[in-house]
There are 2 protein chains.
Amino acid sequence: MFYQPDYKIFSNCQTCDDRSCASQTLSVSELELLSKNCNEAKFEQGETILAEGSRTSHIIYLREGLVKEYGKSGLQEEYILQVVKPHSYLGLHSIYSDTNNHYSYAALTPVRVCYIDLNVFSQFIKENGRFGYEILSSVCNDSLNNYHRFIDQHQKKINGKLADAILYFAIVIFGKNKFDLPLSRKELAYLIGTSRESVSKQISVFVKDKIISVDDRNIKILDMNRLQNISKVG
Amino acid sequence: MFYQPDYKIFSNCQTCDDRSCASQTLSVSELELLSKNCNEAKFEQGETILAEGSRTSHIIYLREGLVKEYGKSGLQEEYILQVVKPHSYLGLHSIYSDTNNHYSYAALTPVRVCYIDLNVFSQFIKENGRFGYEILSSVCNDSLNNYHRFIDQHQKKINGKLADAILYFAIVIFGKNKFDLPLSRKELAYLIGTSRESVSKQISVFVKDKIISVDDRNIKILDMNRLQNISKVG
DNA sequence: TTATCTTTGTGATATATATCACATTACCAT
DNA sequence: ATGGTAATGTGATATATATCACAAAGATAA
């Protein structure tokens, strides 16, 4: 919470290593326009990148780091919709509804993002069908993934939900069997829709059963087969 | 289950009364192309329009009637993702993943649909940015609605969930306080993620409290304020 | 007609999980 | 140091809801 975002005015999207699939459909002149309307910023772990209810004046592209997309409407408990990986746009789904963001975004690790002017972004979609096609594609896939996760969560018990979450981090986010969980136990509970205590207890059970080993937030999968089975049967 | 879909080979999308927002961005020549690649069909209540796992060879446009979008993966219970209103495309989100539909679609009322060739549809998206923009917009809004419903469901108790569902039909689907529920109690349970028995009991409570009156599947809201309050607090 | 199946309501019981309570540890600021 | 706050683990209890069991009503078929 101590560092102010560090803005760079000039960016060069043509030479950017972190370009999105969609931006690869842009012409040279479109990329120039993008560069002129694109500002980079950094956030530290824990910082809020975008708050629910804020104006959708810019599209945010996540170059580096992990972000949680979460809601916290009114009196309700926080709910983490998903953990967003690099090379995705944040909150695309909000730009067509009203003019406000429907979810909040916070950095789970140090993060680099680009702010892209919404008008320029919309112009690309309207005038470059292939760009729109890529954006549409990513929104659709995102939706499908989230729908599946939601339904799974609804139908599984805590052991299944936790197995899912661990597998999600191991396979989708990190691609390794040993990783540092970027969430507190409380946040993990918000992600899988249970209570902190239940998460703690279920982790203890998995450890006792030698399915995983845990050292603080470092998790190692010891028995992938059993974990996947729990996820299926859960 | 007794009527075979009744296919019409010729259609005229230019003069269609049920045209989607997106199709209104199409040029005359594009509309002609659409007409040539568009077949109408009818389904009776209860018939399956599209099954999970089937090939996404066509896009289906819902002209008339109500459809349930549901999943039923493997051993799991059925889960109704949403009730789809007329003038929407069915299963748009599935066309970019693999080549299969991820959810099933069944008619809740008599239904009229149009099958649109997927290649033609994709061509419109890629070549007509405004068409893509409209499609993207509808996918985004759909996603947001579903995300909100999911989170609400996770955090509310049965009374709140049922209140939500009744308000959803009254306000969004029918626009009246008195309507015929197009779902059985069992399906209603699948929609809000509980058991049939719990739905029955909660309905009885609402009736006893004079919040709604019920005659079979006909529902009338007697006390809108209290119902909305239960939905909020639930 | 009778028989079978589906839908629905409702009471009794079982159970998973939330909640409460408390202890421990670590981290930060003064 | 030292006090305060946040994160975590774990046992006891409360509770919402699923599950089971059964009855009644309608629909459908023989």
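Numbers restart at 1 for each chain; the letters A, B, ... are given by sequence-line order, proteins then strands.
Between Lys42(B) and Arg112(B), the closest heavy-atom pair is CG-CG, 3.8 Å. Between Leu144(B) and Ser94(A), the shortest heavy-atom contact is CD1-CA, 4.0 Å.
Looking at Thr109(A) and Glu64(A), their side chains never come closer than 4.5 Å, going by heavy atoms from C-beta outward.
Residue pairs meeting the side chain to side chain donor-acceptor pair (under 3.5 Å) criterion with at least one member in residues 151-166 of chain A, sequence neighbours excluded, are Tyr79(A)-Gln153(A), Lys156(A)-Asp164(A), Asp164(A)-Ser231(A). Residue pairs meeting the salt bridge (charged side-chain N to carboxylate O under 4.0 Å, His left out) criterion with at least one partner in residues 182-194 of chain A, sequence neighbours excluded, are Lys68(A)-Glu187(A).
One interatomic measurement links the two molecules: NZ of Lys186(A) to P of dA6(D), which rounds to 8 Å at whole-angstrom precision. Between the CG atom of Leu183(B) and the P atom of dT6(C) there is a distance of 19 Å, given to the nearest Å. Remark: P of dT6(C) and CG of Asp216(B) are 18 Å apart, rounded to the nearest angstrom. Distance CD1 (Ile219(A)) to C1' (dT8(D)): 13 Å, rounded to an integer number of Å. Protein atom CD of Glu78(A) is 15 Å distant from nucleotide atom C1' of dA7(D), rounded to whole Å. One atom, CG of Leu181(A), and another, C1' of dT8(D), lie 13 Å apart when rounded to the nearest Å. Between Arg217(B) atom CZ and dG26(D) atom C1' there is a gap of 12 Å when expressed in whole angstrom units. Computed from coordinates, the Asp215(A) CG to dT25(C) P distance equals 15 Å when rounded to whole Å.
Contact annotation: Arg185(A) side-chain N/O to dA6(D) OP1/OP2 distance is not under 4.0 Å.
Ser97(A) places no side-chain N or O within donor-acceptor distance of the main-chain N or O of His93(A), the cut-off being under 3.5 Å. A donor-acceptor contact shorter than 3.5 Å is absent between the side chain of Asp215(A) and the backbone of Asn218(A). A donor-acceptor pair under 3.5 Å is formed between the side chain of Asn141(B) and the backbone N or O of Ser137(B).
Within residues 195-204 of chain A, the residues approaching DNA chain C are Ser195(A), Glu197(A), Ser198(A), Lys201(A), by heavy-atom distance under 4.0 Å. A heavy atom closer than 4.0 Å to some atom of DNA chain D occurs in Lys157(B), Ile158(B), these being the qualifying members of residues 153-161 of chain B.
Overall bending of the helix from dT1(C)-dA30(D) to dT30(C)-dA1(D), expressed as the angle between end axes built from five pairs apiece, is 40° (10° steps).
Salt bridge absent: Lys72(A) and Glu52(A) never bring a charged side-chain N and a carboxylate O closer than 4.0 Å.
Ring-plane geometry between Phe179(B) and Phe174(B) is classed as parallel, the angle between the planes falling under 30 degrees on a 0 to 90 degree scale with a further cut at 60.
Tyr61(A) is linked by a ring-ring contact (aromatic ring centres under 6.0 Å, His included) to Tyr89(A), counting only residues two or more places apart in sequence or in another chain.
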